[in-house]
Chemist: 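Encoded as structure tokens, here's the structure I'll be asking about.
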Amino acid sequence: MEEKKTFYLTTAIAYTSGKPHIGNTYEAVLADSIARFKRQQGYDVRFQTGTDEHGQKIEIKSEEAGITPKQFVDDVSGQIKGIWDLMNTSYDKFIRTTDKYHEKQVQKIFKKLYEQGDIYKGFYEGMYCTPCESFFTSSQLVDGKCPDCGRECQPAKEEAYFLKLGKYTDRLIEHINTHPDFIQPESRKNEMMNNFLLPGLQDLCVSRTSFKWGIPVDFDEGHVIYVWIDALSNYITGLGYDVDGNNELEYDKDLFAKFWPANLHLIGKDILRFHTIYWPVMLMALNLPLPKQIFGHPWLLQNDGKMSKSKGNVIYADELVDIFGVDAVRYFVLHEMPFENDGVVTWELVTERVNSDLANTLGNLVNRTISMTNKYLGGIAEDKGSTEPVDNELKDLVTSAYKKVAGKMEALRVADAITEVFAIFKRCNKYIDETEPWILGKDESKKDRLSTVLYNLVESIITGASLLEPFMPETTCKILSQFNTVKKDINNMDKFGLYVPGTKVTDKPEILFARHDIKEVLERAEEINVKQVSANSKDIEDEKVIDTKAKPEITFSDFEKMQFQVGEIIACEEVKKSKKLLCSQVKIGSQVKQIVSGIKQYYKAEEMVGKKVMVLVNLKPAKLAGVLSEGMLLCAEDAEGKLALVSPEKDMPAGAEIC
RNA sequence: GGCGGGAUAGCUCAGUUGGCUAGAGCACACGGUUCAUACCCGUGGUGUCAAGGGUUCAAAUCCCUUUCCCGCUACCA
């Protein structure tokens with residue numbers, strides 16, 4: 001017996017901070033369509049997905065909710081799995097990073113890398129220059145000395161573990177250059193090369209001491225393993241990988257040997273860096289082969305910019321499914337997502353696609369074909385051999401469709417692949433027009449021709465429905481059962497005429513996809529929005545509170561060192577070389593200081609003028625983007641990083657001391 | 001600021017190494033048809049191919065300049 005070829009693909013594991021919106025769900029559906037397609041092709045497929053459950057954010061959220069982190073992630077992970085199941089994703093393995101075997105292996109991996117010197121203990125903050133009171137990373141130092149004053153720097157602050165990236169950089173660059181498909185789409189490859197690899201990599205800090213909710217470093221109490229080391233490892237721990245080969249058989253031992261290296265890591269474009277740099281380095285350090293391909297897919301966004309819970313305009317997969325059904329949503333996300341640019345999702349667009357492609361083109365085709373078969377032929381369409389030249393066009397298109405679909409899928413052009421399938425259905429509609437069965441039906445002598453025409457249609461639809469299975473599995477089943485037949489085998493896709501003669505179609509064709517009225521859809525969307533807003537009003541309250549990491553206590557004399565005064569902005573202009581910086585002339589008492597601040601996104605230069613703001617006056621001057629800054633304008637920052645200037649509550653003169 | 005990618009029909013976009021009157025889908029209009037979920041089929045664009053210049057027998061496609069968008073990245077005292 002010949003071994004089947006294997007295909008291992010993964011999604012990124014979803015972070016368990018909350019319910020996944022349609023954009024997250026897209027990735028799971030995309031992966032599922034690829035997994036199903038590969039299975040259809042005869043591969044032995046393993047499809048892994050799951051949840052990423054550690055980190056400070058979850059620790060904080062669970063505290064707020066008054067439950068343990070584990071309780072919190074159990075709940076959210078369950079929700080995520082529920083949506084993946086709702087979307088009919090056929091994963092073979094749903095891994096959780098709180099699974100015991102995973103945690104144990106991550107500790108072993110960390111230890112091994114430490115013991116062989118790829119991870120070393122260092123200091124998180126970096127190099128400290130006492131006179132300048134500044135930290136620098138080692139790469140910022142000039143000849144090992146402070147880049148500002150040229151004096152000696154000392155390592156300082158928090159102990160932490162680092163992963164040596166430099167050691168493997170050349171190998172990684174070489175690998176990327178010799179494997180053009182390794183990073184897809186190609187433009188992403190350039191970003192990684194130009195921004196990280198070619199300039200040289202700084203060692204990555206791979207441990208934390210500021211929170212507890214993570215996998216502990218088992219040989220150094222207080223340290224928790226960086227969440228990305230933890231998360232990335234899932235791709236091998238989920239296969240039962242064991243560092244020293246002595247796993248307690250929680251997994252089939254053969255899985256890892258069978259499926260690693262992965263054929264495809266499917267991830268969002270935002271986490272490409274972790275997958276194309278840190279993950280390959282980890283694997284090289286573990287002396288394991290690298291995955292064949294990493295695809296950073298674009299995002300599905302909402303029209304009016306960012307989705308926000310507080311606006312109640314987040315579109316969730318289950319809400320779309322409520323209205324349109326699972327396969328309609330699968331179809332939309334797969335069809336609407338381009339290869340390289342972000343896609344857009346709105347209620348209007350979904351309605352339009354469902355009506356036009358699913359209800360009109362596909363649903364109506366199946367319906368009219370079955371109706372005619374019943375009306376004219378008593379439900380049995382057989383090939384009576386009465387062919388005409390026009391038939392060949394249809395047959396050619398149908399029998400060549402699989403090849404085209406396979407080509408698109410090979411290139412991960414899933415949207416294009418699904419379009420190829422629909423070309424069959426469109427051609428069928430045209431064929432009906434060309435052959436006019438309702439006219440043939442009126443003439444008893446044309447009965448054989450009529451039967452052949454309908455047979456050709458049925459065969460074509462069955463072929464199309466079979467090809468549709470990776471994308472819309474339920475619809476495939478529904479169509480095939482209406483024709484009382486089974487899926488056409490992939491090896492027979494180039495053959496025409498396999499529908500068994502004498503098969504009777506269903507008496508009552510079921511409507512596959514209902515047409516939706518856009519007004520009604522929007523009304524329902526509005527109801528959902530209202531619900532979201534009220535359901536999240538508590539969350540909104542929570543969002544107003546921000547917890548930051550506590551800094552060490554300071555003495556009053558520490559505080560006294562800082563001089564705060566009210567400043568009046570008398571002039572302000574943009575720093576031309578920078579996207580974020582504004583340069584203000586600030587009147588403080590009788591003197592004027594020039595201060596540069598990174599607030600261009602939030603304030604225009606004109607509107608700055610005349611404002612009274614709080615200024616830290618005695619900060620050591622520094623150059624930003626080449627412009628001298630002699631102090632700091634104080635701002636409040638929210639969770640999204642938006643800034644607001646801090647002003648005295650009553651009008652105060654410029655120069656007034658703040659104490 | 002550095003690197004990269006864009007700018008093509010009302011909308012979303014295709015246009016491979018320069019080469020037949022610049023295309024597809026959606027929307028819209030008209031015509032046809034009635035088996036069907038008011039569906040399907042056909043026909044319809046005067047598009048400055050962002051602007052300007054250059055190379056060429058020939059440029060949406062190559063080169064230069066400009067404007068505007070987007071991505072990654074840096075500066076965020």
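What's counted below: heavy atoms across the whole structure, side chains too, no hydrogens, waters or symmetry copies. Below, chain A is the first sequence line, B the second, and so on; all start at residue 1. Fair warning: this is a prediction, and the values are worked out from it, not measured in the lab.
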Chemist: Toss me the dot-bracket line for RNA chain B: Watson-Crick and G-U wobble, both under 3.5 Å, 5' to 3', using | for pairs to another strand and [ ] for crossers.
Modeler: (((((((..((((.....[...)))).(((((.......))))).....(((((..]....))))))))))))....

Chemist: How would you label the contact of A/Gly631 with the nucleic acid (heavy atoms, under 4.0 Å): base, sugar-phosphate, or nothing?
Modeler: sugar-phosphate

Chemist: Check every strand shown and say whether A/Thr419 touches a base, only sugar-phosphate, or nothing at a heavy-atom separation below 4.0 Å.
Modeler: nothing

Chemist: Which atom pair, heavy atoms only, marks the closest approach of A/Ala415 to A/Ile418?
Modeler: O-CG2, 3.1 Å

Chemist: Taking for each residue the nucleotide of RNA chain B with the nearest heavy atom, is it A/Phe196 or A/Arg427 whose nucleotide lies nearer the 5' end?
Modeler: A/Arg427

Chemist: Does the plane of the ring in A/Phe274 sit parallel, tilted or perpendicular to the ring in A/Trp228? Use 30° and 60° as the thresholds.
Modeler: parallel

Chemist: How far, in whole Å, is B/A14 from B/A50 if one measures between their P atoms?
Modeler: 14 Å

Chemist: Under the rule for salt bridge (charged side-chain N to carboxylate O under 4.0 Å, His left out), what residues qualify as partners of A/Asp391, not counting sequence neighbours?
Modeler: A/Arg449

Chemist: Under the side chain to side chain contact (heavy atoms under 4.5 Å, CB included) rule, collect the residues that match up with A/Lys384, sequence neighbours excluded.
Modeler: A/Glu382, A/Asp448, A/Ser451, A/Thr452

Chemist: Would you mind reading off the distance between A/Leu197 atom CG and B/C72 atom C1', rounded to a whole angstrom?
Modeler: 13 Å

Chemist: Between A/Phe274 (CZ) and B/C72 (P), how many Å, whole number?
Modeler: 13 Å

Chemist: Rounded to the nearest Å, what distance is computed from the CD atom of residue A/Glu420 to the C1' atom of nucleotide B/G25?
Modeler: 13 Å

Chemist: In chain order, what residues pass the salt bridge (charged side-chain N to carboxylate O under 4.0 Å, His left out) check against A/Lys587, with sequence neighbours excluded?
Modeler: none

Chemist: So A/Tyr331 and A/Phe513, side chain to side chain contact (heavy atoms under 4.5 Å, CB included) or not? Walk me through it.
Modeler: CA-CA 12 Å; A/Tyr331 177 79; A/Phe513 298 97; over 6 Å; no

Chemist: Taking atom P in both B/C64 and B/U46, what distance in whole Å separates the two?
Modeler: 34 Å

Chemist: Can you sort out the partners of A/Asp181 under side chain to side chain contact (heavy atoms under 4.5 Å, CB included), two or more places apart, ordered by chain and number?
Modeler: A/Gln184, A/Gln293

Chemist: Expressed as a whole number of Å, how far does the P atom of B/U43 sit from that of B/U65?
Modeler: 45 Å

Chemist: Tell me every residue that passes salt bridge (charged side-chain N to carboxylate O under 4.0 Å, His left out) with A/Asp507, counting only those two or more places apart in sequence or in another chain.
Modeler: A/Lys504

Chemist: Would you measure the distance from the P atom in B/A22 across to the matching atom in B/U16 and give it in whole Å?
Modeler: 16 Å

Chemist: Output the rounded distance in Å from CD1 (A/Ile277) to C1' (B/C72).
Modeler: 11 Å

Chemist: Compute whether any side-chain donor of one residue and acceptor of the other, for A/Asp327 and A/Thr475, lie under 3.5 angstrom apart.
Modeler: yes

Chemist: Does anything in residues 415-429 of chain A form a side chain to side chain donor-acceptor pair (under 3.5 Å)? List the pairs, not counting sequence neighbours.
Modeler: A/Arg368-A/Asn429, A/Glu393-A/Arg427, A/Arg427-A/Glu434

Chemist: Roughly how many Å is it from CD1 in A/Ile518 to P in B/C26, rounded to a whole number?
Modeler: 17 Å

Chemist: Could you tell me the separation between the CD1 atom of A/Ile418 and the C1' atom of B/A24, rounded to a whole number of Å?
Modeler: 17 Å

Chemist: For atom P, what is the distance between B/A24 and B/C70, given to the nearest Å?
Modeler: 31 Å

Chemist: Hey, what are the protein-to-nucleotides 30-38 of chain B N/O distances that come in under 3.5 Å?
Modeler:
residue, atom, partner, partner atom, Å
B/C35, O2, A/Arg368, NE, 3.2
B/C35, N3, A/Arg368, NE, 3.3
B/C35, N3, A/Arg368, NH2, 2.6
B/C35, N4, A/Arg368, NH2, 2.9
B/A36, O3', A/Asn367, OD1, 2.8
B/A36, O2', A/Asn364, OD1, 2.5
B/A36, O2', A/Asn367, OD1, 3.1
B/A36, N1, A/Arg368, NH2, 3.3
B/A36, N3, A/Asn364, ND2, 3.3
B/A36, N3, A/Arg368, NE, 3.1
B/U37, N3, A/Phe513, O, 2.6
B/U37, O4, A/Phe513, N, 3.4
B/U37, O4, A/Phe513, O, 3.3

Chemist: Whole-Å distance between B/C13 C1' and A/Arg353 CZ?
Modeler: 12 Å

Chemist: Taking atom C1' in both B/C26 and B/U17, what distance in whole Å separates the two?
Modeler: 32 Å

Chemist: Provide, to the nearest angstrom, the distance between the CZ atom belonging to A/Phe422 and the C1' atom belonging to B/A24.
Modeler: 17 Å

Chemist: Remember a base hit wins even if backbone is also touched, and classify A/Lys426 as base, sugar-phosphate or nothing at under 4.0 Å, heavy atoms.
Modeler: sugar-phosphate

Chemist: Under the salt bridge (charged side-chain N to carboxylate O under 4.0 Å, His left out) test, which residues partner A/Lys561, sequence neighbours left out?
Modeler: A/Asp558

Chemist: Under 4.0 Å between a side-chain N/O of A/Arg273 and OP1 or OP2 of B/U73, yes or no?
Modeler: yes

Chemist: Would you indicate, yes or no, if B/C40 has its OP1 or OP2 atom less than 4.0 angstrom from a side-chain nitrogen or oxygen of A/Lys430?
Modeler: no

Chemist: If I pick the P atom on B/A60 and the same atom on B/A27, what distance separates them, to the nearest angstrom?
Modeler: 31 Å

Chemist: For B/G18 and B/C13, measure between their C1' atoms and round to the nearest Å.
Modeler: 22 Å

